[in-house]
Asker: 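Mind having a look at this structure? Questions to follow.
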Amino acid sequence: MSDPHNFSLNPQQEQAATYDEGHVLVLAGAGTGKTRTIIARAAHLIRQGIDLQRILLLTFTRRAAREMTQRLYQITGESAQGIMAGTFHHFCLYSMRRMPRHFGLEGANVIDRDDQVQLMKLVRGTLKQKALPLPRAAEMVNLRSYARNTNQSMEDYLKGHTDYDDELIPLIMRAAQGYDQRKRENRYLDYDDILYIFAKTLNEVPETRDRIRAYYDHILVDEMQDTNPLQWLILDALRDPAHLFCVGDDAQSIYAFRGADFRNVHSFTQRVPGATILRLERNYRSTQGILDLSNWLLGRSPLKYGKKLKAHRKAKSMPLLRDFDSDFDEARWIAKDLLRHRAEGRAWSDHMIITRTGHGARAVESFLVEKKIPYRFVGGISLFQAAHVKDLLALLRAALSHHDELAWARYLTLWRGIGDVTAARLITKLRGENDHAAALQQLTGAPKMSAEILEPVAQARREKADPPLAVANAANALAKLLELRYDKWSTRKKDFELLARLAANHRSLSAFIETYVLDPVTASDAAQVDREDIVTLTTAHSAKGTEASVCYLIRVEPGMYPHFRSVGDPDQEEEERRILYVAMTRAQDELIITRTYRTGGYHRSAWGGFGKAQAAQAKYFFDDLNDSLLNWNGGSDRTDVDYDFFDPIQSWDRDF
DNA sequence: GAAGCGTTATACTAT
DNA sequence: ATAACGCTTC
């Protein structure tokens, strides 16, 4: 790919990339060169004389955006930095930050999901009634988010599409309203607001819409099947004269929980009259053996995707299936297999480990750490979600805004003698002040308050133009407190150095924080910041759009595919099928599927606790697996496990 | 009344 | 691993 002359397209790809007659939807199956075609499209437009800055490239993840700009740079040979490439959220926020007054965004701070849940908890606490079991805060955040993303009122959604009864619905609606109100008071912007405010303004304020619409001639949209109604409102407002070039695959739609409907690619020509549908059908990525299994899985669906991937490549390579007694054995084997591949001279980066759930990869992750196999966990727990990192960020956020009450509450309760109640009382003193310094003045001399508590905030505010310094000093200010609070402090402390390193890339504290709220960095990510040759550990969702020579699909067992939480809802079960399909079709040369029926440690108890476990057993995608589709290396792995191979799990077994 | 501590429940996917 | 909850202590 580094040689631009080597960049050849097949006739279908060529036709799509150079189509100049209006709006297009390209239906592109897995591995058919979707990314390559989008890049070629952008390159074609540039050759036609289109200004780079007039092309908007919307991708599903920031990772995809980064990859595309890099590849575009390699092909066009000129700086591709000017192209506007990013996720819907990035694009909307960027556009709104450019003209904040049009959107009422002055002084607003973006909050992540944890903060959303936190805020909802506060509201939930005021509404709790003994007789009525109000849904958990996290669930209510989901409900409200889904309603927003599907562009319907909370009431319509709750009444039309959920099972909540007439008594509970008004209460949930009040919770949602209370949440919105607290959000306004604290000048918070959640992920959904970013899309919602942008979409609403474009659709209600023609002057603003016209102004933004005038910036772009071409809008290229990746992963169209996973856009939701709110995102569609935005695309719809921005098209004409701009041309839409959307690429998608209904069989890879895996974000229904976020309001996406894979049927949106089917109705494209109704929504965009005169649009053309093009297809990419030849798979260049995988061997036919891998595609046969993938096709089999999709073919078992009651939904007709009308898709059968055919390999361009000659190699066949049958997928491998291995059973293990426990997730520990499974993880141990995978680490060993990786080391074996490495010894054979293969690069770490040729390997991807795909998991359905974040915590399903725990055993594997601990073996990777123990065997010193370099890896990056995409979709894992963010560095910013670790308790001690949140504590430090709370201090920084308190320094940036006296309206950020979640941050203030967290920061104040770190100090001895200040609990929830005192913190809440102190925070009320901050309200109504326009100026940060004046707000701090209100706290000075208040009961339980001290200069020791306030000074770090004031100092961080003075240092807000020097993020790494602010981080380092905040870490110093909190060191004593946090050391008492957490065990394994020496390990946790290292995260602050990582944080300071990340902060060094930003010119302001607020830009630093906002960047990582929108684009979380996992601890493994931050630790491996300079390494290229590493194994990728990823959730199936985050794996979409990527590929690797060797893919390990772990925990492919009953209760995982389909995930037990989806059992009972046919639509959700079918989405689970697509998730497994996406996971399988990432593999180029080797697809290794592992599973375990009995799990040790944590999962044994978790299984028993969930009522759906048995139902899940009855709904396993591999139940009627055709043996001719893979090499089943079944039975216990015991005989070939080397028990001298260190087992890091022991220590957690005791914890549970 | 509020802080602090020990115990227990919780855990899918993500911008 | 983390936070909510209930109980005890100041």
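Throughout, protein chains are lettered first and strands after them, A, B, ... in sequence-line order, and every chain is numbered starting at 1. The structure displayed is predicted, hence computed values, not measured ones. In what follows, every heavy atom counts, from backbone to side chain, and hydrogens, waters and symmetry copies are set aside.
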Asker: What N/O pairs connect the protein and nucleotides 13-15 of chain B at under 3.5 Å? Give each pair on its own line.
Answerer:
unit_1 : atom_1 : unit_2 : atom_2 : d
B:dT13 : OP1    : A:G358 : N      : 2.5
B:dT13 : O4'    : A:R356 : NH1    : 3.2
B:dA14 : OP1    : A:T539 : OG1    : 2.9
B:dA14 : OP1    : A:S542 : OG     : 3.0
B:dT15 : O4'    : A:R258 : NH1    : 3.1
B:dT15 : O3'    : A:T87  : OG1    : 3.1
B:dT15 : O3'    : A:H89  : ND1    : 3.4
B:dT15 : O2     : A:H89  : NE2    : 2.9

Asker: I'd like to check the side chain to side chain donor-acceptor pair (under 3.5 Å) partners of A:N186; sequence neighbours left out, ordered by chain and number.
Answerer: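 In terms of side chain to side chain donor-acceptor pair (under 3.5 Å), with neighbours along the sequence ignored, A:N186 is linked to no residue.
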Asker: For A:A176, which residues count as a side chain to side chain contact (heavy atoms under 4.5 Å, CB included) partner, sequence neighbours excluded?
Answerer: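 Counting only residues at least two positions away or on another chain, A:A176 forms a side chain to side chain contact (heavy atoms under 4.5 Å, CB included) with A:R144, A:M154.
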Asker: Salt-bridge test for A:K390 and A:D115: reply yes if a basic N is under 4.0 Å from a carboxylate O, no otherwise.
Answerer: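 Not counted as a salt bridge, because no side-chain N and carboxylate O are separated by less than 4.0 Å.
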Asker: What pairs with A:F60 under ring pair (Phe, Tyr, Trp, His ring centres under 6.0 Å), at least two apart in sequence or on another chain?
Answerer: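 With sequence neighbours excluded, A:F60 shows a ring pair (Phe, Tyr, Trp, His ring centres under 6.0 Å) to A:Y255, given in chain and number order.
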Asker: Check side chain to side chain donor-acceptor pair (under 3.5 Å) between A:T536 and all other residues, then give those that pass, not counting sequence neighbours.
Answerer: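 Residues passing side chain to side chain donor-acceptor pair (under 3.5 Å) with A:T536: none at all.
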Asker: Give the rounded distance in Å between these two atoms: CD of A:E139 and P of B:dC12.
Answerer: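 About 11 Å, once rounded to whole Å.
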Asker: Under the salt bridge (Lys or Arg N to Asp or Glu O under 4.0 Å) rule, collect the residues that match up with A:R136, sequence neighbours excluded.
Answerer: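 For A:R136, no residue satisfies salt bridge (Lys or Arg N to Asp or Glu O under 4.0 Å) once neighbours in sequence are set aside.
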Asker: Sequence neighbours left out, what passes salt bridge (Lys or Arg N to Asp or Glu O under 4.0 Å) with A:D391? Give chain and number order.
Answerer: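 If we apply the salt bridge (Lys or Arg N to Asp or Glu O under 4.0 Å) test to A:D391, skipping adjacent residues, the hits are A:R410.
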Asker: Provide, to the nearest angstrom, the distance between the CZ atom belonging to A:F564 and the P atom belonging to B:dT10.
Answerer: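 Distance check: A:F564 CZ to B:dT10 P gives 12 Å.
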Asker: Take atom NZ of A:K544 and atom C1' of B:dC12, then tell me their distance rounded to the nearest Å.
Answerer: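 My rounded result for the distance is 16 Å.
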Asker: Reckon A:D420 touches a base, only the sugar-phosphate, or nothing at all at heavy-atom distances under 4.0 Å?
Answerer: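 Since only primed, P, OP1 and OP2 atoms lie under 4.0 Å of A:D420, the category is sugar-phosphate.
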Asker: Give A:R578 one of three labels, base, sugar-phosphate or nothing, depending on what nucleic acid heavy atoms sit under 4.0 Å from its own.
Answerer: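 No contact at all - A:R578 keeps every heavy atom at 4.0 Å or more from the nucleic acid.
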Asker: So does A:R362 get a side-chain nitrogen or oxygen closer than 4.0 Å to the phosphate oxygens (OP1/OP2) of B:dA11?
Answerer: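 Looking at the OP1 and OP2 atoms of B:dA11, neither is under 4.0 Å from any side-chain N or O of A:R362.
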Asker: Find out whether A:Q252 and A:Q225 are in side-chain contact, i.e. whether some heavy atom of one side chain is under 4.5 Å from a heavy atom of the other.
Answerer: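 Sidechains of A:Q225 and A:Q252: in contact.
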Asker: Checking all strands, does A:A540 fall into the base, sugar-phosphate, or nothing category for heavy-atom contacts under 4.0 angstrom?
Answerer: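 A:A540: no heavy atom of the nucleic acid under 4.0 Å.
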Asker: Rounding to an integer number of Å, can you tell me how far A:E573 CD sits from B:dC12 C1'?
Answerer: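 Going from A:E573 (CD) to B:dC12 (C1'), I get 15 Å.
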Asker: Output one line per pair: protein atom, nucleotide atom from nucleotides 3-10 of chain C, and distance, for all N/O pairs under 3.5 Å.
Answerer:
unit_1 : atom_1 : unit_2 : atom_2 : d
C:dA4  : OP1    : A:K121 : NZ     : 2.6
C:dC5  : OP1    : A:K128 : NZ     : 3.3

Asker: Name all residues meeting the salt bridge (Lys or Arg N to Asp or Glu O under 4.0 Å) criterion together with A:R431; count only those two or more places apart in sequence or in a different chain, and write none if there are none.
Answerer: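 Once residues adjacent in sequence are excluded, the partners of A:R431 under the salt bridge (Lys or Arg N to Asp or Glu O under 4.0 Å) criterion are A:E405.
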Asker: Flag the pair A:R577 and A:E574 as a salt bridge only when some basic side-chain nitrogen lies within less than 4.0 angstrom of an acidic carboxylate oxygen.
Answerer: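 So A:R577 pairs with A:E574 through a salt bridge.
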Asker: Just the rounded figure in Å: distance from P of B:dG4 to CH2 of A:W415.
Answerer: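 Distance, rounded to whole Å: 13 Å.
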Asker: Between C:dA1 atom P and A:H388 atom NE2, what is the distance in whole Å?
Answerer: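 Distance, rounded to whole Å: 11 Å.
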Asker: Checking all strands, does A:R492 fall into the base, sugar-phosphate, or nothing category for heavy-atom contacts under 4.0 angstrom?
Answerer: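 Result for A:R492 = sugar-phosphate.
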Asker: My validator wants the stems of DNA chain C: runs of 3 or more consecutive Watson-Crick or G-U pairs, both distances under 3.5 Å, written as range with range.
Answerer: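 DNA chain C forms these stems: B:1-10 with C:1-10.
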Asker: Could you measure between the two C1' atoms, the one in B:dT13 and the one in C:dA3, and give it in whole Å?
Answerer: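 Taking atom C1' in both B:dT13 and C:dA3, they lie 22 Å apart.
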Asker: Mind checking salt bridge (Lys or Arg N to Asp or Glu O under 4.0 Å) for A:R187 and listing every partner two or more places apart, or none if nothing turns up?
Answerer: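 Expected list: none.
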Asker: Using the ring pair (Phe, Tyr, Trp, His ring centres under 6.0 Å) criterion, which residues pair with A:Y216? Sequence neighbours excluded.
Answerer: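 Once residues adjacent in sequence are excluded, the partners of A:Y216 under the ring pair (Phe, Tyr, Trp, His ring centres under 6.0 Å) criterion are A:F91.
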